[in-house]
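One structure is given below, encoded as structure tokens.
In what follows, chains are A, B, ... by sequence order, proteins preceding strands, each numbered from 1. Every heavy atom of this structure was used, including side-chain atoms; hydrogens, water molecules and symmetry mates were not.
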Amino acid sequence: MSQAIEARFAVVRGDFRLEFDVALPGRGVTALFGPSGCGKTSCLRAMAGLDRAAGGYFAVGNEVWQDDARRHFVPTHRRSLGYVFQEAHLFPHLSVRENLEFGRRRRRGGDSRFDPAEVVTLLGLESLLERGPEGLSGGERQRVAIARALAASPRLLLMDEPLSALDLRRKQEILPYLERLHDSLSIPVIYVSHSPDEVARLADHLVLLDGGRVVASGPVQETLARVDLPPIFADDAGVVIETVHQAVEADHLSRLGFADGSLCVGQRPEPLGSRLRCRIHARDVSLALHKPAASSITNILAGQVSAVEASDRPGQVLVQVRVGETPILARITERSRRELAIAPGLAVWVQIKAVALLA
Amino acid sequence: MDAQDLAAVWLTVKLAGVVTGLLLVVATPLAWWLARTESWLKPVIGAVVAMPLVLPPTVIGFYLLLVLGPHGPIGRLTEALGLGGLPFTFAGLVVGSLIYSLPFVVQPVQNAFEAIGRRPLEVAATLGAGPWDAFWSVALPMARPGLLTGAILGFAHTVGEFGVVLMIGGNIPEQTRVVSVQIYDHVEALEYVQAHWLAGGMVAFSFVVLVAVYGLNRRFAGDRP
């Protein structure tokens with residue numbers, strides 16, 4: 001069921017021109033990431049058919065929804081998709097249950113991909129069903145909006161910054177639900193965001209947009225580890241690593257294994273064997289030529305420099321180090337780079353000061 | 001009140017009821033189109049709909065008389081169809097009132113549709129509702145306060161009209177003699193007591209209607225999420 005998504009659009013709005021031409025994986029979460037005004041939402045609207053981008057082509061698996069070369073355009077209401085807008089936009093004249101029913105009754109395509117009861121449980125809506133939208137908090141509304149989109153059993157879920165209208169606390173309240181979705185959804189999700197944190201937590205595949213152009217498209221681990229892109233991420237440059245909770249050790253520590261080594265973090269509540277996603281900021285990584293003998297840092301890994309690039313800040317460089325196959329980014333000063341003669345091929349020790357757990 | 005007064009009251013209520021029903025059918029699609037179109041025709045049609053707000057009723061009545069009369073284009077058509085002439089009949093009153101009260105229904109309904117905006121309809125489309133479906137299942141229910149306001153104003157305004165009725169309906173008992181005309185007759189005949197009964201009733205009715213409209217608007221405004 002890895003039917004790929006193919007999207008080609010050119011959107012012109014005044015001076016702004018968006019060129020979008022990518023193939024996306026047919027499952028998992030694809031993040032469309034970029035600064036405000038880079039054309040992310042235009043892309044998503046074109047995919048949904050809400051706006052008709054001229055000369056476009058859009059296909060999900062074997063279903064072609066737009067092919068202007070053949071004058072083929074499926075209107076939005078005949079596309080089997082779900083769309084979550086920035087604001088929940090629940091129908092005010094319907095209860096939560098009726099909002100969910102709205103899409104379910106109009107399901108396109110015969111097969112039901114989601115059990116409505118399961119969607120309700122997944123998003124924690126059991127106690128809200130009989131209430132009207134006006135009594136719900138912002139976070140609850142957005143959860144209902146996501147459930148409503150899923151209740152229609154779409155074969156593609158489009159999300160346009162679904163957290164951007166919420167304050168930090170509400171975001172923290174919804175993110176766990178999105179992560180549960182991520183783990184249990186079999187359909188592809190295209191998620192528009194300008195938050196590096198959301199991308200690091202949720203995305204499997206990353207498309208970077210800047211100034212109406214696709215700057216990069218690839219698996220999230222590889223793309224976040226590229227040294228030539230981080231100006232877009234600025235201070236948030238860093239990699240994500242998929243790990244497995246391997247062991248609980250003495251001193252309230254947990255060991256997380258990844259393909260080429262392991263990391264030690266404060267003890268985790270998740271059962272052994274759970275998959276955990278970690279984020280390591282480039283600013284939290286330093287490099288040494290010899291294995292530091294006496295250091296308070298617990299995570300020290302051996303690796304080999306694979307790329308060096310000037311960073312967005314004067315006097316600083318970004319270094320990509322491979323620990324086995326796993327890339328890690330480090331931000332160091334230009335002076336250190338010169339004094340340690342850091343260049344591709346050099347064997348180094350990677351010292352990781354902080355590991356952020358994203359699950 | 002005598003039998004003639006009661007007949008006038010009944011005729012007025014019947015006229016206003018029929019006109020309000022027809023107005024909702026005519027004004028709702030018109031308001032929908034005005035709220036959503038980007039056509040250059042929008043200001044033109046909008047102005048035509050609003051004309052009765054600024055024109056003296058006698059002007060509308062005069063031209064309706066010409067158009068509907070035996071030598072007017074619509075008069076000829078109704079004659080040819082065997083429907084007879086419309087002036088000085090109940091049907092003629094209905095047509096005149098429709099035109100005269102149209103802006104009072106179109107404008108609140110149009111405002112309600114405009115307040116909804118495009119987004120709820122886009123949401124409906126992404127959930128599988130086609131344009132027709134979304135109109136019935138989302139736009140109309142969401143515009144309910146506007147429709148209710150429009151219906152009340154249309155009814156009340158039809159009850160309160162005088163000039164157009166006199167021009168095109170004349171003064172035929174149980175056919176075209178509505179309350180406002182009956183009051184005029186009473187005053188002409190110096191029957192002030194009877195005039196008071198009807199006029200006072202109109203004052204009370206108008207007050208109640210307007211309180212209802214403003215109350216409704218406040219309640220729905222408070223409901224907004």
Side-chain angles (χ1 to χ4, degrees), chain A residues 41 44-45 47-51 65 74-95 98-109 131-138 140-141 144-160, chain B residues 24 27-29 31-33 35-39 108-152 212-213 215-225:
Chain A
T41 297
L44 214 60
R45 289 181 61 85
M47 289 178 186
L50 291 172
D51 294 330
W65 285 348
V74 181
T76 303
H77 64 276
R78 298 222 180 84
R79 301 183 179 196
S80 175
L81 56 81
Y83 198 113
V84 180
F85 293 83
Q86 290 184 18
E87 314 267 351
H89 292 289
L90 302 182
F91 298 128
H93 58 291
L94 302 176
S95 70
E98 289 163 338
N99 265 281
L100 300 183
E101 280 290 303
F102 189 98
R104 199 188 61 75
R105 278 191 282 113
R106 294 169 172 80
R107 199 170 60 219
R108 294 136 290 183
R131 292 174 51 188
E134 68 282 354
L136 306 181
S137 74
E140 288 169 336
R141 279 185 210 176
V144 175
I146 295 168
R148 180 175 63 177
L150 289 175
S153 276
R155 57 179 304 171
L156 171 68
L157 180 62
L158 304 171
M159 301 177 99
D160 185 6
Chain B
L24 284 177
T28 306
W32 178 249
W33 182 82
R36 304 192 32 102
T37 185
E38 280 156 23
S39 158
V109 176
Q110 183 185 343
N111 289 341
F113 283 143
E114 279 168 357
I116 294 172
R118 294 195 105 79
R119 193 45 66 78
L121 301 162
E122 290 186 347
V123 172
T126 66
L127 292 169
W132 184 247
D133 181 358
F135 174 77
W136 287 100
S137 60
V138 175
L140 269 192
M142 282 183 77
R144 212 170 40 199
L147 287 164
L148 207 52
T149 304
I152 293 173
V213 168
L216 262 177
N217 283 341
R218 215 183 58 167
R219 210 188 92 210
F220 281 110
D223 268 3
R224 282 282 143 70

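Summarising the geometry of B:Leu127 relative to A:Ala149, their closest heavy-atom pair is CD2-CA, 4.2 Å, with the distance given to 0.1 Å. Nearest heavy atoms, A:Phe91 versus B:Pro120: CE2-O, 3.6 Å.
With a threshold of 4.5 angstrom between heavy atoms, A:His89 approaches chain B through its backbone and through its side chain. B:Ala124 touches chain A through backbone and side chain together, each having a heavy atom under 4.5 Å away.
Interatomic distance, CZ of A:Arg105 versus OG of B:Ser137, reported as 8.0 Å (0.5 Å rounding).
With a 4.5 Å cut-off on side-chain heavy atoms, B:Asp133 and A:His77 do not count as touching. Using a 4.5 Å heavy-atom cutoff, the side chains of B:Glu122 and A:Arg45 are in contact.
Residue B:Thr126 forms a side chain to side chain contact (heavy atoms under 4.5 Å, CB included) with just one option from A:Val84, A:Leu158, A:Leu81, and that option is A:Leu81.
In the displayed structure, B:Arg119 atom CZ is contacted under 6.0 Å by more than 12 heavy atoms of other residues, nucleotides or ligands.
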